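For reference, the structure discussed in these notes is given below.
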Amino acid sequence: MRGSLNERQRLAVEHGDGPLLVLSGAGTGKTRVLVHRIATLIEHGVAPWEILAVTFTNKAAQEMRERLRQLLGDRVSPMWIGTFHATCARLLRRWGEAIDVPRDFQILDTDDQLKVIGKLLKEDGSDEACSPRTLLTRFDRAKNRGEDPTTVHTGQYLDDIVARLYPKYAERLRKEHAVDFNDLLLHVLRLAEHPEVGPRLATQFRHVLVDEFQDTNRVQYRLVMHLAHATRNVTVVGDDDQSIYGWRGAEPRNMFDFERDFPDVTVIRLEQNYRSTSIILDAANAVIARNRERHAKSLWTERGGGDPLGWHEAGDERGEASFIAGEIRKMIDHEDVSPRDVAILYRTHAQSRALEDQLRRFGLHPEIVGGLGFYERKEVKDVVAYLRLLTNPASDISFERVVNTPSRGIGDVTVDKVRVVARERELPLVEAARIAVREGAGGLAGAARKKLAGFVDLLDGLTAVIAAGASVAELVIQVVERSRYREILEADKSEEARGRLGNLAELVTVAADYDDEVGGEGDVLGLLERLALTAPGDDTRDDQPRVRMTTVHAAKGLEFPVVFLAGMEDGLFPSLREREDQDQDAAMEEERRLAYVAMTRAKDRLILSAARTRRTWGEIRMQVVSRFLDDIPPACLPRPSRKPVHVGGGADWRRVTAPTSSTVSSPGRGRAGARPAHRGTSWDEHDQRSYDDDEPSFDLDGDRDRAKVREDRIGPGASVVHGQFGSGRVVDASGQGKDRKLVIDFPEIGQKTVLARFVTVA
DNA sequence: GTCGTCCCGGGTTCC
DNA sequence: CCGGGACGAC
């Protein structure tokens, strides 16, 4: 079973007891090592439930589970595999009461936190001085390091606001039985110091293994120390070149502190890359090599050659997306490429929109990982708030969210009266509402009282549904029905309302899946926890092969035969935002590591792209090609220089561009991938003609203008070639310019209507 | 008490 | 471009 491991991998896998540090480069099989190591431990008699494996994302946990299942079968299920957050949530549910964390605690998402902070700022009269976001950042920055936000002084004017409001924030959360993401870890740290629970935690896991250790923060480091210091059986795996979570408090120095804290640690370096072609690896290494703050390592590969990187500069983001979608279409149609083999990576979620649209236009199905996803949709959050309120009446945040959602005539005035009652009697809002309805407390009367009574009845009815033993899915359905959410959305005939209804249906499905998975043991709390800790898209099961689209951050740990890296523009990638609290050089180094991570996701082909103009917030901005491209050796990335290059002229880098031998020119591979760079026109310019839709008005490239005119001239009778359908004859035409449509008769396929700009005259 | 309109601001990245 | 909050009109 371990036959295919190399020497060093085998050493790591078969390492016995004691601390182990695996320093691993990209694509060196570190996840494999972890998986095999766990399997080996179990084969040597360690019980599955004595093993804790910490992954960085839920997705990674899922994958590890899956791979272990292949090796071990059902023994996997009692194992602790998950993120720090998910693990801590589990530990807290079990032991939290020892430190006064209630069993029904709920996890606040960033949105909830911002709302709470916003309210506190307003009450304090400081909402002009500081945004909720700023304050939250200050809280988090301290908490990431395990420090008390009120005692961190930066000499800024915010210090006293932080000192004043953080205790209020913490108190508010405590009252509501709520914890934020950081609390989840910090509470467990407190638990570790508890006289009874602490020792149990320290010996609960005979082996602790942590992936992506370079991205742990100080609190996580201390957690690992607590959980492992008694047994000393701790394996950590990381690569300082792939540290991309500095903004979240990650401290790559944890890897080196680890060596200090365990002087007898065994260190194993994995340096053979099995993933990428040497050209891709060379390119990525050239980019990362410019970082000063790094522990140099030498990654090598036995995979020779490979295609040079692809490059395309489009007029705008739509053109870029269209190029990418077109290339993928061609690969799937003409080569042995499946949609699952391809990933599109980008720096920010905002870029996903255009890409998604164009993929669909080319008949491709995107799977968007992360992003403004499902669980952040308003209607989903509304229904979730009902569930929270039902399981945790102390949740005032949830009460305020749903008391008038959907609108039932309960306005601010009424809610204010309830607030007064709540404050006077020191009760949660729901309880106060009950009393107001029953006794008319707070001066509540007439229609308002009646409407509020209706809301209380709704909650009571739903509580009865739970008491009757309904499944979680059934409860979700009842919430949607009884709140009249469905009715109201159905009455609304708009596209938007239909979408929202669809999302609620999806939520029911998620709940039903949860019910199935836990086999009727499920409680609402469990579903809520899963929703809070699972990024949207983490659990998409596939009905059809989809092209993955994701941020570079979310792509860490993954690999794909074909990778498109979009938006290679200065300001976007690298992002060039000023942060007063962060050193610019450090920020640039992190961007560089991010580029390194992105590029090393690719196994066989890597295609970079950029747009000359980009729309952000409705404003069109001119873009400059990313500075990272200058670091890539021209031999790896043939592209026209920024200045016009005369063909065959001078001692420019074209002389050393891709040797013809490395040009894989299998028939039918279209224009994708490699092209000898010594042609008269570079292939990317050529492509642009057929893909770019929206040329920026200032672009005076005559060639492309001519191409447009040509589109309009294509009429009935013309013989044309289409990228997907092949050659055919035009039978009808309508529209002009980029909207010009042609009806074409393809001999094999029949008649199709296609846009003129996707065909060329035969 | 709700609903429409206008204005403002949006932190990139994730658990 | 978008959504949320503030404000004014019913």
Side-chain angles (χ1 to χ4, degrees), chain A residues 54-61 82-89 107-111 113-115 118 122 127 131-138 140 143-144 179-185 212 215-217 219-220 243-250 345-354 369-373 375-378 404 406-416 446-448 451-452 496 529-538 550-556 567 571-582 587 590-591 593-594 597-598 614-620:
Chain A
V54 182
T55 58
F56 195 73
T57 61
N58 284 296
K59 190 119 195 163
T83 61
F84 275 107
H85 290 87
T87 304
C88 287
I107 302 161
L108 255 46
D109 65 18
T110 311
D111 235 45
Q113 294 183 72
L114 288 171
K115 272 191 185 145
K122 223 165 249 172
D127 52 327
S131 74
R133 185 96 228 172
T134 310
L135 201 58
L136 178 59
T137 306
R138 284 289 302 261
D140 280 342
K143 289 168 90 170
N144 279 330
V179 300
D180 63 26
F181 287 124
N182 278 321
D183 292 337
L184 227 35
L185 310 194
E212 309 285 6
D215 283 322
T216 51
N217 65 28
V219 170
Q220 291 164 335
S243 165
I244 54 176
Y245 283 89
W247 52 274
R248 206 175 92 173
L345 309 187
Y346 37 81
R347 181 67 180 79
T348 70
H349 289 301
Q351 294 166 255
S352 67
R353 191 75 234 195
V369 182
L372 307 166
Y375 305 127
E376 281 135 69
R377 310 270 160 83
K378 182 189 175 303
N404 194 33
S407 175
R408 53 176 71 87
I410 300 172
D412 276 348
V413 178
T414 305
V415 176
D416 264 337
K451 286 175 187 160
L452 193 62
E496 195 196 344
E529 184 168 306
R530 172 173 300 198
L531 294 179
L533 295 173
T534 311
D538 265 7
T550 167
T551 62
V552 180
H553 281 93
K556 195 176 64 163
L572 185 60
F573 200 177
S575 159
L576 295 173
R577 281 195 326 95
E578 306 255 331
R579 281 188 65 150
E580 87 271 351
D581 57 313
Q582 207 194 351
E590 183 148 316
E591 292 293 320
R593 290 192 293 270
L594 208 44
V597 168
R614 199 170 278 278
R615 262 187 124 86
T616 30
W617 291 340
E619 202 180 340
I620 294 177

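Below, all heavy atoms of this structure are taken into account, side chains as well, without hydrogens, waters or symmetry copies. Each chain gets a letter, A, B and so on, in the order its sequence line appears, and its residues count up from 1. What you are looking at is a predicted structure, and each value in this text was computed from that prediction instead of being measured.
In terms of phosphate contacts, A:Asn404 brings a side-chain nitrogen or oxygen within less than 4.0 Å of OP1 or OP2 of B:dT2. A close approach under 4.0 Å does occur between a side-chain nitrogen or oxygen of A:Thr414 and OP1 or OP2 of B:dG1. For the OP1/OP2 pair of C:dC1 and a distance below 4.0 Å, the side-chain nitrogens and oxygens of A:Thr616 include no atom meeting the criterion. Applying the 4.0 Å criterion to OP1 and OP2 of B:dC15, one finds that A:Lys556 has every side-chain N and O outside that range. Distances shorter than 4.0 Å separate none of the side-chain N or O atoms of A:His85 from OP1 or OP2 on B:dC14.
One can place NE2 of A:His349 at 18 Å from P of C:dC2, the figure rounded to the nearest angstrom. A:Arg593 has its CZ atom 13 Å from the C1' atom of B:dT13, to the nearest Å. Across the protein-nucleic acid pair, A:Glu619 atom CD and B:dG9 atom C1' stand 14 Å apart, rounded to whole Å. Rounded to an integer number of Å, the gap from CG of A:Leu184 to C1' of B:dC15 is 9 Å. Rounded to an integer number of Å, the gap from CG of A:Leu136 to P of B:dC15 is 16 Å. Note: NZ (A:Lys143) to P (B:dC14) measures 21 Å, nearest angstrom. Counting to the nearest Å, the P atom of C:dC2 and the CH2 atom of A:Trp617 are 13 Å from each other. Atoms CZ (A:Arg353) and C1' (C:dC1) sit 12 Å apart, rounded to a whole Å.
Using cut-offs of 30° and 60° for the angle between ring planes, the A:Trp247 and A:Tyr245 rings count as tilted.
Among the atoms of the strands shown, none is found under 4.0 Å from any heavy atom of A:Val552. When heavy atoms are screened at a 4.0 angstrom cut-off, A:Phe84 is found touching no nucleic acid atom at all. Here A:Lys122 lies in heavy-atom contact (under 4.0 Å) with sugar-phosphate atoms only. Across all strands, A:Thr83 comes closer than 4.0 Å only to sugar-phosphate atoms, never to a base (heavy-atom distances). Note on A:Ile410: only backbone sugar-phosphate atoms sit closer than 4.0 angstrom, heavy atoms only; bases stay farther off.
Taking all atoms of both residues into account, the shortest heavy-atom contact from A:Ile244 to A:His553 is O-NE2, 3.0 Å. Listed here is the closest heavy atom pair of A:Ser575 and A:Arg347: CB-NH2, 4.0 Å.
When each of A:Thr550 and A:Arg133 is assigned the nucleotide of DNA chain B bearing its nearest heavy atom, the one mapping closer to the 5' terminus is A:Arg133. Of the two residues contacting DNA chain B, namely A:Ser407 and A:Ala350, the nearest-nucleotide position lying further toward the 5' end is that of A:Ser407.
In this model, no donor atom of one side chain and acceptor atom of the other lie less than 3.5 Å apart for A:Thr616 and A:Glu619. Between the side chains of A:Ser131 and A:Thr134, at least one donor-acceptor pair of N or O atoms lies under 3.5 Å.
Scanning atom types as modelled, no donor and acceptor separated by under 3.5 angstrom connect the side chain of A:Ser131 and the base of B:dG9.
Residue A:Ala554 places its side chain closer to B:dC14 than to any other of B:dC15, B:dC14, C:dC1. In the set B:dC15, B:dG11, B:dC14, the nucleotide with an atom closest to the side chain of A:Thr110 is B:dC15.
Residue-nucleotide stacking is present for A:Trp247 and B:dT13, judged by a side-chain ring centre under 5.5 Å from the six-membered base ring centre and planes under 30° apart.
Ion pair A:Asp215/A:Arg248 not flagged as a salt bridge, since none of the NZ, NE, NH1 or NH2 atoms sits closer than 4.0 Å to an Asp/Glu carboxylate oxygen.
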